[in-house]
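In what follows, a structure is listed as structure tokens, so that the remarks can point back to it.
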Amino acid sequence: MAPIPSRPTVLVTGASRGIGLAVVQILLHDFHAKVITISRSISPELQALKDQYKGDVVLVQGDVAGRTKPEVSEEALKQVPSPTALILNAGMADLAPVVQTDRAHWLRTFDLNVFSLINTLVPAIPALRANGGRVVFVSSGAATGNTAGWASYNASKAALNSLCRTFANEEPLIASFAVRPGMVDTPMQAAIRTDAAKGLMRPEEHQRFVDAHREGKLVRPEESGYVLAALAVNGSKELSGQFLNWNGPECAPYMRK
Amino acid sequence: MSMPQVIVTGASKGIGLATAEVLLEVYGAKVVSISRSMTPELEALKAKFGDKLVTVLGDITEPEVSLEALKALPSPTALVLNAAISIFGRVDKYVADDWRKTFELNVFSLFNTLVPAIPALRENKGRVIFVSSGSAVGKTAGMASYNASKAAMNAVVRTFANEEPDIASFAVHPGMVETQMQKHFLEVAPTYLNPAEAEFVAEVHASGKLVKPEDSGYVLASLAVKGSPELSGQFFFWDSPEAVPYMKK
């Protein structure tokens with residue numbers, strides 16, 4: 001078995017934009033980590049990080065979604081075999097009231113938000129055990145919420161939290177955290193403020209998202225991204241299995257000073 | 001009270017069968033059961049209740065099966081979504097097919113029955129009983145896929161209740177009930193669960209603390225017939241304070 005890496009070596013999914021991109025940037029700049037990313041596309045911003053940090057970044061292009069698809073993650077791990085942490089961030093929010101859903105809707109969301117977790121997690125387990133590693137599952141308040149029009153997203157995040165709990169229970173050598181990153185100013189958040197999304201939600205619930213943005217209350221990706229990165233690098237075993245709020249008391253030690 | 005008209009999935013044995021039985025015996029309901037197979041118990045109920053019980057045979061993961069049930073019962077006043085599977089395995093020994101099967105049955109098939117029934121349930125101010133589990137909020141080793149599927153179910157219930165004010169939806173942990181599923185659980189627990197967890201399961205079985213299907217079924221049936229809209233969206237145990245009014249006297 002390879003020796004424990006001297007620098008954090010972190011695999012990040014959904015890294016091309018939003019929270020994932022911010023996390024990659026912070027890992028490289030603030031934590032001197034080596035980063036391997038998996039994303040369906042290589043955004044200009046992600047490429048720029050590769051150009052800047054060169055050998056410290058490995059970009060893998062591929063889709064981690066799907067009920068039977070560990071190949072992309074296995075490919076990533078071939079290139080960087082001994083990660084010290086995973087940040088499982090790839091996810092989608094596809095809105096529809098239950099009455100309007102069909103099977104394809106549920107499969108799409110679960111393939112990405114739930115099954116990709118397993119696809120990425122399982123091949124990395126031996127290395128994570130050997131390295132006393134960490135897994136950060138990027139969750140959401142939706143995991144315990146009930147926002148109308150969000151059934152598949154809510155259910156997928158509830159499933160994510162559950163997987164984190166069970167995995168932490170099964171794997172005492174790996175510290176696992178499900179983290180609510182807050183209402184973050186990202187393209188996913190912007191999509192909620194559209195008229196299309198409004199038509200799928202309850203007006204007063206939709207208004208909350210619009211108001212938060214208008215009042216400047218959205219979290220910057222680099223703020224909660226810092227907590228995700230810090231947990232991946234230094235997260236305490238004592239928090240393993242828990243659902244954490246990015247700016248809650250347990251996460252205070254992991255916020256940017 | 002007009003005659004309850006209830007579709008029950010996974011009704012050939014265990015909790016589903018017991019719930020159907022109470023609906024027929026105690027509440028004079030018309031029941032359409034969906035199950036993959038016929039059992040002697042279902043046959044006996046058919047013999048006793050005649051056309052008050054329609055048995056639809058088929059795989060709940062196939063949409064046509066639920067549509068057939070709705071043809072037999074076009075205006076349900078309640079659904080009892082009970083069909084489920086528990087496949088054991090540790091995450092590090094992940095079997096893709098097991099996770100796929102678990103989510104197909106425990107999560108995606110819910111909507112095969114639920115979605116087409118929504119117009120009638122709205123009109124009837126109906127109820128939907130989602131048979132959940134303590135696993136929804138648990139972390140038992142060896143049960144990652146089952147735990148996650150039940151957590152997903154509870155989130156669906158919360159959201160669906162918010163979306164559908166005319167339908168009362170409940171996620172209910174039916175208890176550790178004396179069924180074949182439970183018997184299987186006892187057998188595999190030492191292989192998949194952590195030692196302390198397996199010990200707990202064995203202890204419940206050995207001390208006679210398993211819940212009788214008819215007791216749990218009574219609560220589920222009563223909720224299906226008269227569950228209070230005030231509880232809509234909630235997750236509770238079959239013997240919790242919320243459920244006490246629905247227990248057998």
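Every heavy atom of this structure was used, including side-chain atoms; hydrogens, water molecules and symmetry mates were not. Chain A is the first sequence line, chain B the second, and so forth, proteins listed ahead of strands; every chain is numbered from 1.
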Legend entry - For the student: nearest non-hydrogen atoms of A:V99 and B:E164, plus distance: CB-OE2, 4.1 Å
Legend entry - Between A:A143, A:A155, A:A168, A:P123, the one whose heavy-atom pairs under 4.5 Å with chain B are most numerous: A:A155
Inset, instruction - Give the member of A:K157, A:M201, A:R165 that has the highest number of heavy-atom pairs under 4.5 Å with chain B. - result: A:R165
Legend entry - Contacting region of B:N162 [heavy-atom separation from chain A under 4.5 Å]: both
Legend entry - Under 4.5 Å from a heavy atom of chain B, the part of A:E171 involved: side chain
Inset, instruction - Please report the C-alpha distance between B:L79 and B:V6 in whole Å, then the side-chain angles of each, then the deciding distance to 0.1 Å, and finally whether the side chain to side chain contact (heavy atoms under 4.5 Å, CB included) criterion is met. - result: CA-CA 6 Å; B:L79 309 179; B:V6 189; over 6 Å; no
Legend entry - Portion of B:M143 that has a non-hydrogen atom of chain A nearer than 4.5 angstrom: backbone
Legend entry - Residue among B:G138, B:G233, B:S149 with most heavy-atom pairs under 4.5 Å to chain A: B:G138
Legend entry - Partner chain A: residue of B:V91, B:N147, B:I118 with the largest heavy-atom pair count (under 4.5 Å): B:V91
Legend entry - Part of B:V107 lying under 4.5 Å from any heavy atom of chain A: side chain
Inset, instruction - For chain B, find which of A:C164, A:S162, A:G241 contributes the most heavy-atom pairs closer than 4.5 angstrom. - result: A:S162
Inset, instruction - Under 4.5 Å, counting heavy-atom pairs only, tell me which of A:T147, A:L160, A:N161 racks up the most with chain B. - result: A:T147
Legend entry - Region of A:W150 in contact with chain B, defined by heavy-atom distances below 4.5 Å: backbone
Legend entry - Contact class of B:L193 relative to chain A, heavy atoms under 4.5 angstrom: neither
Legend entry - Contact winner vs chain B - A:V114, A:L121, A:V122, heavy-atom pairs under 4.5 Å: A:V122
Inset, instruction - Give, as side chain, backbone, both or neither, the part of B:A136 having an atom under 4.5 angstrom from any heavy atom of chain A. - result: backbone
Legend entry - Check: B:F170 ring centre within less than 6.0 Å of B:F235 ring centre: no
Legend entry - Smallest separation among heavy atoms of A:T120 and A:L86, with atom names: O-CD1, 3.9 Å
Legend entry - Ring centers of A:F177, A:F243 separated by less than 6.0 Å: no
Inset, instruction - Provide the closest heavy-atom pair for B:S75 versus B:N124 in the form atom of the first, atom of the second, distance. - result: OG-ND2, 3.0 Å
Legend entry - From B:R100 atom CZ to B:S145 atom OG, the distance as rounded to the nearest 0.5 Å: 12.0 Å
Inset, instruction - Verify the distance criterion only: is there a donor paired with an acceptor across the side chains of A:N119 and A:S73 at less than 3.5 Å? - result: no
Inset, instruction - Give a yes or no on whether the ring-centroid distance for A:F115 and B:F103 is below 6.0 angstrom. - result: yes
